[in-house]
Structures are given as C-alpha cells and as structure tokens.
Asks: 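Take a look at this one; I'll ask things after.
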Amino acid sequence: MSSSRRQYPFHLIEPKWQNVWEQQQAFRAFGPGDEIPASHPFALRHKISGKVSPNQLPPKFYILDMFPYPSGVGLHVGHPEGYTATDILARYKRAQGFNVLHPMGWDSFGLPAEQYAVKTGQHPRKTTEENIATFKRQIKSLGFSYDWKRELATTDPDYFKWTQWIFLKLYNSWFNPDTNKAEPIETLKYPVGLRLPASSPDKTVLETLESNRRIFCDSKRLAYVSEQPVWWCEQLGTVLANEEVVDGKSEVGGFPVVRKPMRQWMLRITAYAEKLIADLNTIDWTDSLKEMQRNWIGRSEGAHVRFRIEGRSEHVRGVSKDLVDADPELIDFSAIDAFIESPDSRLTDSIWVFTTRPDTLFGATYLVLAPEHPCVDELTTDGQRALVESYKAEVTKKSDLQRTELAKDKIGVFTGAYAINPVNGEKIPIWIADYVLASYGTGAIMAVPAHDERDFELAINFKLPIRPVVKPSLEWLSQNGAHLEVSVNVDGKPLTWTYIELIKAAASDKALEPQVFEVYTKRAPEFSAAFANSGVAINSGLLDGLPTAEAKKKITAWLEEKGLGKKTVNFKLRDWLFSRQRYWGEPFPIVWKKDADGKLYHEALPETALPLLPPQLTDYKPTATGEPPLACAKDWVNLPDGSVRETNTMPQWAGSCWYYLRYLDNKNGSAFVGKDAEHYWMGGKAAGVDLYVGGTEHAVLHLLYARFWHKVLFDLGCVSTPEPFFKLVNQGMVLGEDNQKMSKSRGNVIPVDVPVNEAGTDALRLYEMFMGPLEMVKPWSSKGVEGVYRFLGRVWRLFVDEKSETEFEQAQTTAETQNLEVLLDVIKLDPSIKEAAPTPAQLKTLHACIKKVTEDLEGLRFNTAISALMVFVNDAVSWETKPVSVLRDFLILLQPFAPHLAEELWSKVHTPQSTVTLSYQPWPKFDPALLIESEMEIPVQVNGKLRDVIKVSATADNATIEAEAKKSEKVQQFIAGKAIKKVIVVPKKMVNLIVG
RNA sequence: GCCGGUGUGGCGAAAUGGCAGACGCACAGGACUUAAAAUCCUGGGACUUUAAAAAGUCGUGUGGGUUCGAGUCCCACCACCGGCACCA
C-alpha cells in the first residue's frame, strides 16, 4: 500500500476498544441460570439483572461459525470472511434487542498434531494448546464479538467426556422402523434361534438365548462393529479416511495407500436416510447445498425382485420355525418371516436384485452379481470355476480408481449357473462383472440390455440376448435403432421388419399399433444404443401398452402378491465408518470380553467411567501391522478382570457433531447440555441455530453427520428440535490477487496481518464484505482494501476537527507518555457538528441509509449495505451543519461493520446520560414518511425508448403524468404528427407512449 | 455423463419486469503544494455526427420467444466454476 500517511489512528483505536470490550465482558451471552451483573450493558439495555428465568430474557439469536482446526500457521485473508459476516450480523441483532449467542471454539483433534508428535515426540496436547493460543490471539485481534466464556475445545476431557457419552447413547440405541425413530436397545424384541451359531450341547436354553440376544442386539445397534477394508498408508504409518485419499495416494505426502480389511466401528446413519432427505424441506439452506445432500444420500425408488436359482428347491415359508426350540413367548415369528422374505436373507434358493425399472422385468435376459457377492462361490459351476476365480483375483487387484477408469470396457464372466425370470419362467444365465457394486442395493442386478447402457455394453461384448420391452420414441429410434430387426405377426403372417420401419408403420397407421407391439423378437437385434427413458411397455405380457410409470406399479403389485418382490426405496448412503487407528482422538468407551465359548464380544463402559482418557505414550507411531497406537499402552489396554480396551479412536468429525450444543452450557458438569439452556437457545421461531456460516467443503460430511447425531438425540429426548441448523449459508472462497486459489505453492497467500497492519482491522472487515456477495467466489485486491480504508478515513474526517488532529499528530510523535486515552482525547469534534435540528434533506439521507442497511443486513447483502453507508458519507461531508442526532444514528449503523472506529467516534459524540455502550444502542428505526418526495422524476419512453425524464408533483395522478409527458419538448420530437396508439402509465414509475 | 451455480465497463460489482452500470478500484483533468504524497473537486460503456454544447445508434455470453417494455420471464445453445460419477 502506497499511502504514506495514516487515514486515521486505527493503530491506537483498535487495541483500545478491544481492551474495553474485554474488561466490560461486553459480549457475554447470558442464558437461563446465568448471573447478569447489574452494570453490564446487556443488563442496562434490557433492564434485567441477577438470575432471571428464561421468559424474562429477550428473544435469542444464535449465530454460529464453523469452528476451525487450530493449525500452526497463521490465518490468511480468506479465513475471516465468514467470521466477519457472522460478527456483523451478531452486532446488528444485538442492537435490535436480541439476546445474541455468538461463540467460538476449536476442533482440535486431528492428524497434523499427531504427525508432529510422531516426528518430534512432543505430546499432541502440547502442540494443540500452543496452536489454540496462536489462533485465539489472531482471532481476538480482529475484534469479533464472541463470548469467550463459552469457548470450548474438542480435545478438552470435559468436552470429549460428552462426546463419549453421546457415543454410548448411539451404542445403546436401535432404530425402530415401526415408530420410525431411535429407541433404547431394551425395547428391541428379537427373533430367537434364527440362523445363530449352534449352542454347545451342555449349555442351557437360557444361556443360548442370552448369547443370541446379544448377537441380535449388536446387529441392530446404531453403533456396531463390522469387518471393513480401510485405506492403510505404510509411509505415514496410519489409516486414512476416504477424503484423505486422492487418486490412490495419500493427500499428505502423496504416498501409496492400500486396502486392508480391519475390524471397524460403524454408525448406522443409513437408518436415518429417509429423514435426512425429508427434513431438508423444513430448513432454510440454499438449494445447491440441499441438492448436494440429496445426491449424497441418493434416494431411489424401485423394487427388490427375487430370482430363483435354477435347480434349487424352493424355500418353504415358515420352515425356519423348526429351528427354534425355545419358549415361543419369546419369539417374534413375524420378524423371522419378514427376514426370510427379505433380500437380507442368506437363504440361497434365490438371488435378490434391486431395480428402479421393474417394468422392464420381461427384458431381463441375464443376471449380474458383483464379484464380491456372497453367493458367487456357491453358484459357480466346476466348469467355470477357474475363469471366475481368475476374474475375481484380477478385480481385487484393481483399485477403485482403476475400476472406474476401465468403465468403458464392460467385462464379465459367466458363473455357469442359471436363474429363473419370475415373470416368464425363462432360464437366464448368471454372470459376474465389476460394474455391479457389492455395496449398492443387493450387490446383484437383473440385466435389461435393451434399456440400460451398461447392460447393453456387456451384452454386445458377450453376445447376450437383447430384448426390447419399452417402445422408444420415433425420434430416438431414428437416431439409434435403425438396424434393429424384429419378427412381427401381422394378420397371422410372420414378417421381418426393421424396427424403424415397424415404428413408422405404426405411426402412420394407428390401428396397427396394438397388435404390432405384441411381438416377440426372435433374433438378438442390432441396437446401436440402449433406450433408457420412459415409454410404453411392449413384449411384456400383462404390462403391454402401459406407460412406464403405470407398468412399474402394476408389476410391483403383481410381484408382491406372489411373494416374488417388494416395493423398495434404496439409498446410496452407506453407514459411517467411525473408527480410526490413531492416537489423537476420543477413545471408545468400550471393552472387549470373552464369552463361555471363548468368543469376543464388546460391552459399553458405564457413564461413571467417563471421560475415558487416552494413555500416555512415548511413541505415537502405529505399529506396522496397523494396530492403533493405543494398543502399545499395555497397562491401559489390559484391565484387571481380563477384559481388554478398544484401541481405535473416533474420527475428527465426532467432536464437531455436537459442539453447537455444548456452547449453550459449556460448564455443565452433569449433562452434555442443561435442559433450560437447550430449550432457550435452540427453541423459538426458527428452531435450532438461527444462522450457521461456513465453507462448502463441509456440505456433505460434517453437515450430514451433525444432522444425524442431532436426530438421534432428538429421538431419545435429549434435544427439543429435529434439526440443528435452521439457516445455513456458505461463504464463497477468497481467491488470491491472481484469481487463483490461495496456496503456498502459488505464493499468492495474503496473511491477515498484512491488511491489518497497513489499514487496520476495521478496513479488513469492511473489505471482506465489500468485495461482493457473501456466497460468491471472489478475488482479493489490495487496492480494494485501500478504497474502503479511504472511506473510513472520510468517516473520521467527517467527525474530527482538522486542527486538533494536526496537534494530535504532533503529540503522537513527541509525547513521552504513550497513554492512548490521553492522546486520542486531544482530538476534538469538528465545529460544524452541533446539537441542531436536522433539515428534511439530512433526514432523508439518513433514513434512506437506515432503510437500505437494515434491509440488506436482513438479506445478508453486506456489500450493498456498505455502499449505502458510503452514499451517506458522500452526502454528509458537504453539510455545513452536521446535527449530532443524525451522526449518532449513522454510527449505530456503522458499528456492526467497523466497530472500533464507531466506538471511538461514539465516545466523542455520545451524551453523558446515555450509559449504554454503542454495542447495545438500539438500532434506529426507519421512518417512511421522511422519504416521501414532493416531486418525482418520471422517465418517458416513446415506443419503449427513453426520450426524456420529466418532473411532476408527487401527488400527480396518471392523467396528469400523461399530459405532462406529452408536453415534453423532447418527446414532442418523436410523437409530432404521429398517432398515439397506446399510452402506458405505470403509477409513480414511468410513461410509455406507443406511436404508429 | 448427471446435478447445481455463474456469465453485465479496463477491474470488483449494483439494479421488486420499468432511466443498465449504484458503490468502489484503476484511469484522466483540475485545486492545494517549491515538488511529491495525502486530501478535495470534476469526468467517464462503446460507436457515430459536431469546433463545442448537444444529438443519434448500439450495448448485460450466443440465438430465438413472451411483453407497451427483458440483465431480469420462457425455449435452445456456448463458456467457466463447484459437486457427484458404472448407484442398476
């Protein structure tokens, strides 16, 4: 920045007011049960003090930032963008009389501190504490109005005690599909004896029952254990999350990663898939963000269809009852039946598939299983076994990336087995191919090559039959189906036509159509593509002639009636892999024990054992076998009673799933949040957090996980709202001056202290918001900072006396004592500022500004609000007399944006009897009466083109306006001698004359 | 490929279907100054006519449409950014 002279002494003003706020505790948020000191500005403004009941408190407004991971390196100018937006709004809402909760904390578990520990041996807690201190100092220097009394860190045992407590809630709950909510595990009825391990002969029925019950409960818990392949990075000596693996390499360091199966904790988020989608309609998020979540959850409606395996005897309904030899009172037979009839069943007389197009069932000419499908080995015939095995081996070798890369070339292998198409009894081959994913649906599909592109490609590659069962549009056919040949029965005579000829004939002769489409293709036709859209069913028996939507309904009903299928909603969302093999995370409050058969089972620690602290270690490196670092602490792992602690830790997401609740009551030692605090801060008109601002990078992960936890807590009666964040806004990224993403390698990172040192925090805040709309991606410009800095200088000069400022400049350089207060007090108000009645024009300028700033803040349009402040100042600098009352209102408007400067100027213009500090001054009210003009300017168009602007009285009616418009000389030039065909007068807006 | 977003001066950007370019940056001219910086004042979309004042034509990614009137609404397309991606 080139300015040699400071626009105004921000270097003195900013620390001064930050100090004052700190000493006053100006931004403490008082909730139910808090003691409000009588001298606190909040008490003065609202005339309450001491302990007050929730209904005595003003309405709340909860404004939340996404709390940061405190890294070792400093903030750059992109970081404070969201924080500035929320702070402006917090200050605005405070001025409006809301009880504002605006907290900040630290998402402080994480890999960097742990990697530093591996390298140096320094305990991650020490690194974390140092980083928090740095971050806090930097954030505090920006003058945000956080209530630091509510600060929290996810690594604090008083905090993660409750993270562990919520985990236990998940562990001890299951999702009841009948009540459609989570319930304590005790409410779970279980079907005894169903495909559970055979009991040893000497065990009593009850012992077996107990063991079975445990296994069954474990299969329903919201937190459960499963064997899962995870990403293991040898060089980093740790397991990585999916997000940390980019193109088959670790995001950090670019080391190779491999898939390794490990015992993992999972959270059953899939149970909430439907609610997580449905409740998006109840919250105020942007459409794009909601859409991202919808896509991630991936809801699709369709059906499960059961294909019997050829040559196997049909499973008889109810036979499972024979397995049970226990007290029938304890048995839920309907649950057993439902299980056997479901695709979850491992009974191997059938293969279940999921399809969104059950209407194309008649066109299913083969089945495809994922290579990992559990039935593959059993189905494979001896003749095909070698081929199948080598294919499977090849697939396992490929990474996920390679599997996707080879997408174009559809390869598969025949298992040798056949299934029966339930609608027509046809014997169809069962294949395996890696384009079918084991993790989606049932891991098996029915292939309808005529109407699915992928099935089509495989069918072409391996010459499998293709049978069209949906009539495509003529247009599509003329592009794609010209070579298709079909046999047609017309009036009893078999004919072979090309498909396109046939459709054309049908189109020209409507009478032909019904009978034409009752054809059965004798030959595998030569398509050039699959027709995957909706159409009308053909070649489909009972469905013929039905449009796709109706055909789906009809065939699904038919399948359900015969016990061959079920209407189903399927989701892309998978259960959440919740464990990490790391040191620096919350330990699981779980121990492992052995039952009488020597089998391991898990058990929760009691709540009284929380917080469960991680052990002290000297080496934080995980072992080469992938065992978590915690396993090294033998004393910690092995308990006196022979049980063993869980050595995995929770992922970083765990702490951020509920931190917004802890802010409400962060000192509570007996509950994760107190009932009163929760009701007060999360209740109200907009339930939950009133405004949440953060980056898009969390659009699916954090925001989905937090919603999930919140819904579980809601179901269990722990919180009072079904959604945590009512309104959510994503701030756009701030790019470097070169229009590129800021990064160390590009060298375009601008640390916050650069603009702060050169122009001050207020200028930084103002520019962050003036750049453009909050949600937009926008480049940084140091010239732009200079512009808003100049504006603040103009504000300063609007208020202060030039002479005394010169004296101040001298005093500053010569004064021995650097007492800020004394120095700044030298500066006097400009003599043109007087206790005077404002002129109508001045009131108009002020109230136009109040209106615009207020409306823009409500709509989060910070950039245009700032331009309104500039317009006011541009006008006010030319006033000969500046009425104090007008300037005071202006300072209240300026305060949210540039709080330090506003406070300093306020301290000069405020009246002594006003005891409430600027931050709690009531927001000025806009008076529409003051904006009414005596005259108005009306643009006049001729044939839609602007020709003149006329002035008429504000009360002029349409007829008068029209007459005045026609009188205008300029308009006359264009209408003279022409007939006026039509006149449009928009009241108080404009006139349009249409001439011929 | 699918979903979402964005295209307006030299630049960041404004505009409930009604005067396109508010506000700011950069630029130019002027005042102040020995000078520079800072500050203050003035100017500006492009093109054409004009000595000038002034006037006219065109102009919001492209092509259509609706309307008295379109940056704004509708249809088709193009470019860029972001997300998802063999999801049956």
Asks: Taking atom C1' in both B/C58 and B/A51, compute the distance separating them and give it to the nearest angstrom.
Replies: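 The same atom, C1', in both gives a distance of 25 Å.
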Asks: Any strand is fair game: report the nucleotide pairing with B/A15 by Watson-Crick or G-U wobble, both distances under 3.5 Å, or none.
Replies: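 WC or wobble partner does not exist here.
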Asks: Within a reach of under 6.0 Å around NZ of A/Lys567, are more than 12 heavy atoms found that belong to other residues, nucleotides or ligands?
Replies: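 Not more than 12 within 6.0 Å, no.
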Asks: Counting side-chain heavy atoms from C-beta on, which of B/C41, B/G4, B/A13 comes nearest to A/Lys778?
Replies: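 Taking heavy atoms from C-beta onward, the closest nucleotide is B/A13.
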Asks: Find out whether A/Ile466 and A/Ile460 are in side-chain contact, i.e. whether some heavy atom of one side chain is under 4.5 Å from a heavy atom of the other.
Replies: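 Contact flag for A/Ile466/A/Ile460 side chains = yes.
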Asks: Could you check how far CG of A/Asn943 sits from P of B/C68, rounded to whole Å?
Replies: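 Distance check: A/Asn943 CG to B/C68 P gives 12 Å.
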Asks: Tell me which nucleotide among B/C25, B/A14, B/C3 gets nearest to the side chain of A/Thr864.
Replies: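 Looking only at heavy atoms from C-beta outward on A/Thr864, the closest nucleotide is B/A14.
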Asks: What is the pairing partner of B/G44, taking Watson-Crick or G-U wobble pairs with both distances under 3.5 Å in any strand?
Replies: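 B/G44 is unpaired by these criteria.
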Asks: Over how many whole Å does the gap from A/Asn863 atom CG to B/A15 atom C1' extend?
Replies: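 Result: 12 Å.
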Asks: Consider the side chain of A/Lys410, meaning its heavy atoms from C-beta on, and name the nucleotide among B/A14, B/G12, B/C86 that approaches it most closely.
Replies: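 From the listed options, B/C86 comes nearest.
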Asks: Strictly by modelled atom types, are A/Asp830 and A/Ser832 linked by a side-chain donor-acceptor pair under 3.5 Å?
Replies: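 Their side chains do contain a donor-acceptor pair, which is all the 3.5 Å distance test asks for.
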Asks: Select one nucleotide: of B/G4, B/C68, B/A14, the one nearest the side-chain heavy atoms of A/Ile984.
Replies: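 Between B/G4, B/C68, B/A14, the one nearest the side chain of A/Ile984 would be B/C68.
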Asks: Provide the distance between the two C1' atoms, one in B/A28 and one in B/G9, to the nearest whole Å.
Replies: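 Comparing C1' positions in B/A28 and B/G9 gives a spacing of 16 Å.
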Asks: Whether the A/Asp856 and A/Thr864 side chains hold a donor-acceptor pair (N or O, under 3.5 Å, no angle test) is what I'd like checked.
Replies: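 Yes - a donor-acceptor pair under 3.5 Å links their side chains.
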Asks: Of the candidate nucleotides B/C19, B/G4, B/C40, which contains the atom at the shortest distance from the side chain of A/Leu946?
Replies: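 Looking only at side-chain atoms, A/Leu946 lies closest to B/C19.
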Asks: Measure from the side-chain heavy atoms of A/Lys982 and tell me the nearest of B/C68, B/G12, B/C19.
Replies: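 Closest nucleotide among those given: B/C68.
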Asks: Can you find a donor-acceptor N/O pair under 3.5 angstrom joining the side chain of A/Asn295 to the base of B/C84?
Replies: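 Absent.
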Asks: Compare the minimum distances between each of B/G56, B/A14, B/G12 and the side chain of A/Pro779, then state the nucleotide with the smallest one.
Replies: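 Closest nucleotide to the A/Pro779 side chain: B/G12.
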Asks: From the set B/C40, B/G24, B/A88, return the single nucleotide nearest to any side-chain atom of A/Arg797.
Replies: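 The closest nucleotide is B/C40.
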Asks: Taking only the side-chain heavy atoms of A/Glu291 (C-beta and beyond), determine which of B/C19, B/C23, B/C3 contains the nearest atom.
Replies: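 In terms of side-chain proximity for A/Glu291, the closest of B/C19, B/C23, B/C3 is B/C3.
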Asks: Any strand counts, and the cut-off is 3.5 Å on both contacts for Watson-Crick or G-U wobble. Which nucleotide pairs with B/U33?
Replies: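 Checking every strand shown, B/U33 finds no partner, since no pair has both distances under 3.5 Å.
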Asks: Is it true that the side chains of A/Asp455 and A/Tyr435 contain a donor and an acceptor less than 3.5 Å apart?
Replies: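 Side-chain D/A pair, A/Asp455 to A/Tyr435: present.
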Asks: Write down the distance between CG (A/Asn874) and P (B/C41), rounded to a whole number of angstrom.
Replies: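 Checked: the CG to P distance equals 8 Å.
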Asks: Of all the nucleotides listed (B/G18, B/C19, B/A88), which has the minimum atom distance to the side chain of A/Ser300?
Replies: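 Per side-chain heavy atoms of A/Ser300, the pick is B/A88.
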Asks: Could you tell me which nucleotide pairs with B/C73 by Watson-Crick or G-U wobble geometry, both distances under 3.5 Å, or answer none if nothing does?
Replies: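 Pair assignment: B/C73 / B/G65.
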Asks: Tell me the interatomic distance from A/Lys572, atom NZ, to B/A85, atom P, rounded to whole angstroms.
Replies: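 In whole Å, B/A85 P and A/Lys572 NZ are 6 Å from each other.
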Asks: Quantified in whole Å, what is the C1' atom distance between nucleotide B/G17 and nucleotide B/G69?
Replies: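 Going atom to atom, C1' in each nucleotide, I get 8 Å.
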Asks: If we call it a pair only when both distances are under 3.5 Å in a Watson-Crick or G-U wobble match, what pairs with B/U6?
Replies: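 Pairing partner: B/A79.
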